Amino acid sequence: MTRESELSVEASPETWPEAADLWNTLSGADFIQAMADRRLPEISDISDYIGQVVTSAEPGRVEIAWTPDEKLCNPGGTVHGGFIAMILDNAVCMGASSTCERFMPMLTLNLNVDYLRGVRAGETYTVTGTCVHAGGTRMVSNAVITDGRGRPVAQASASVIPNKAFAR
């Protein structure tokens with residue numbers, strides 16, 4: 001079964017009014033949970049491309065299942081560090097967004113990544129993003145990727161700010 005067949009909402013003009021209603025009414029955590037529950041249409045192919053599926057959200061914490069594909073590997077056969085940084089960046093931003101009164105996408109000011117073990121294509125990892133400081137303008141979040149045995153394979157800390165282009 002592909003991710004597309006799991007979606008309960010197809011991206012079409014008919015789905016946008018309901019998505020807009022959720023955008024305007026749900027808290028950050030509830031909006032991210034709506035993503036996990038597939039109540040919102042995908043607006044980008046990036047989640048499918050990198051193998052990301054949001055699984056749960058609560059204020060200050062987001063969890064993502066990540067199954068990278070071979071197309072994300074470097075010539076050495078492991079997942080390229082840039083894609084590892086990308087999934088960590090997604091987790092720190094969503095962790096911060098989950099603390100907002102209304103969902104607000106984040107912009108990354110800095111991202112510090114520690115690569116601890118090789119990441120292999122085809123295996124499923126858990127990526128957990130946690131907001132450690134939900135400031136009024138600048139937020140600080142951490143993220144960790146763990147393998148199927150619970151071992152950390154990479155971690156990151158970041159400073160992010162709300163993307164004012166989406167202010168309402």
Side-chain angles (χ1 to χ4, degrees), residues 3-12 14-68 83-114 124-148 150 152-168:
R3 176 131 155 47
E4 289 108 35
S5 64
E6 295 173 4
L7 293 175
S8 62
V9 177
E10 302 240 355
S12 67
E14 295 80 30
T15 63
W16 295 116
E18 182 181 350
D21 184 51
L22 295 176
W23 170 266
N24 288 317
T25 60
L26 295 181
S27 69
D30 290 340
F31 189 84
I32 297 167
Q33 185 62 51
M35 290 179 197
D37 295 340
R38 313 296 182 264
R39 295 184 340 202
L40 293 166
E42 289 287 333
I43 57 171
S44 166
D45 293 335
I46 195 68
S47 291
D48 285 337
Y49 186 81
I50 66 170
Q52 163 186 297
V53 178
V54 178
T55 56
S56 67
E58 59 187 59
R61 186 177 184 282
V62 174
E63 193 167 286
I64 299 167
W66 183 43
T67 309
F83 289 109
I84 296 168
M86 178 186 277
I87 194 73
L88 288 165
D89 185 62
N90 289 350
V92 296
C93 287
M94 282 193 275
S97 292
S98 72
T99 67
C100 297
E101 184 178 327
R102 297 284 175 261
F103 179 78
M104 179 69 73
M106 296 290 154
L107 297 171
T108 306
L109 297 173
N110 74 313
L111 180 72
N112 301 303
V113 178
D114 295 305
T124 299
Y125 297 86
T126 300
V127 187
T128 305
T130 307
C131 185
V132 296
H133 174 70
T137 53
R138 182 173 180 245
M139 304 169 118
V140 177
S141 294
N142 294 331
V144 64
I145 302 171
T146 54
D147 65 16
V153 298
Q155 65 181 13
S157 61
S159 295
V160 300
I161 58 172
N163 186 340
K164 301 287 187 188
F166 292 93
R168 50 195 175 288

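In what follows, residues are counted from 1 in the order of the sequence shown. Values in this document were obtained by computation on a predicted structure and should not be read as measured data. Side-chain atoms are counted along with the backbone in the values below, which use heavy atoms only and exclude waters and symmetry mates.
- Proximity of a side-chain donor or acceptor of Gln155 to a complementary backbone N or O of Asp114 within less than 3.5 Å is not detected.
- Once rounded to the nearest 0.5 Å, the distance linking OG of Ser141 with NE2 of His133 reads 10.0 Å.
- A pairwise comparison of heavy atoms in Val144 and Leu88 identifies N-CD2, 4.2 Å as the closest pair.
- With values rounded to the nearest 0.5 angstrom, Asp89 atom CG is found 10.0 Å from Leu107 atom CG.
- Between the side chain of Arg102 and the main chain of Thr25, a donor-acceptor pair closer than 3.5 Å is present.
- A distance of 9.0 Å separates CZ of Phe83 from CH2 of Trp66, quoted to the nearest 0.5 Å.
- Within the 4.5 Å cutoff, side-chain heavy atoms of Thr108 are placed close to those of Cys93.
- Not a single donor-acceptor pair under 3.5 Å links the side chain of Asp37 to the backbone N or O of Arg39.
- In this structure, a donor-acceptor pair under 3.5 Å is present between the side chains of Asn110 and Ser159.
- At least one side-chain heavy atom of Ile50 sits less than 4.5 Å from a side-chain heavy atom of Asn90.
- Under a 3.5 Å cut-off, the side chain of Thr55 and the backbone N or O of Glu63 do form a donor-acceptor pair.
- Counting heavy atoms from C-beta on, the side chains of Met35 and Phe103 come closer than 4.5 Å.
- Smallest separation of non-hydrogen atoms from Ala19 and Pro41: CB-CD, 3.9 Å.
- Counting heavy atoms from C-beta on, the side chains of Ser27 and Glu101 never come closer than 4.5 Å.
- With hydrogens and angles disregarded, no donor-acceptor distance shorter than 3.5 Å links the side chain of Thr99 to the backbone of Pro59.
- Trp23 and Phe31 have perpendicular rings, their planes meeting at more than 60° on a 0 to 90° scale where under 30° would count as parallel.
- With rounding to the nearest 0.5 Å, the separation of CD in Glu58 from CD in Gln33 is 9.5 Å.
- Residue Ala57 comes nearest to Ala29 through the heavy atom pair CB-O, 3.6 Å, listed as atom of the first residue, atom of the second, then distance.
- Arg138 places no side-chain N or O within donor-acceptor distance of the main-chain N or O of Ile161, the cut-off being under 3.5 Å.
- Here the side chain of Asp21 pairs no donor or acceptor atom with the backbone of Pro17 at under 3.5 angstrom.
- Rounding to the nearest 0.5 angstrom, the gap separating the OG1 atom in Thr126 from the CG atom in Asp147 is 9.0 Å.
- Between Ser56 and Ala36 the shortest heavy-atom distance is N-CB, 4.1 Å.
- Counting heavy atoms from C-beta on, the side chains of Gln52 and Val127 never come closer than 4.5 Å.
- Arg38 places a side-chain heavy atom less than 4.5 Å from the side chain of Val53.
- Of all non-hydrogen atoms in Ala167 and Met104, the two that sit nearest each other are CA-CE, 3.6 Å.
- Taking CE from Met139 and OG from Ser98, the interatomic distance works out to 8.0 Å, rounded to the nearest 0.5 Å.
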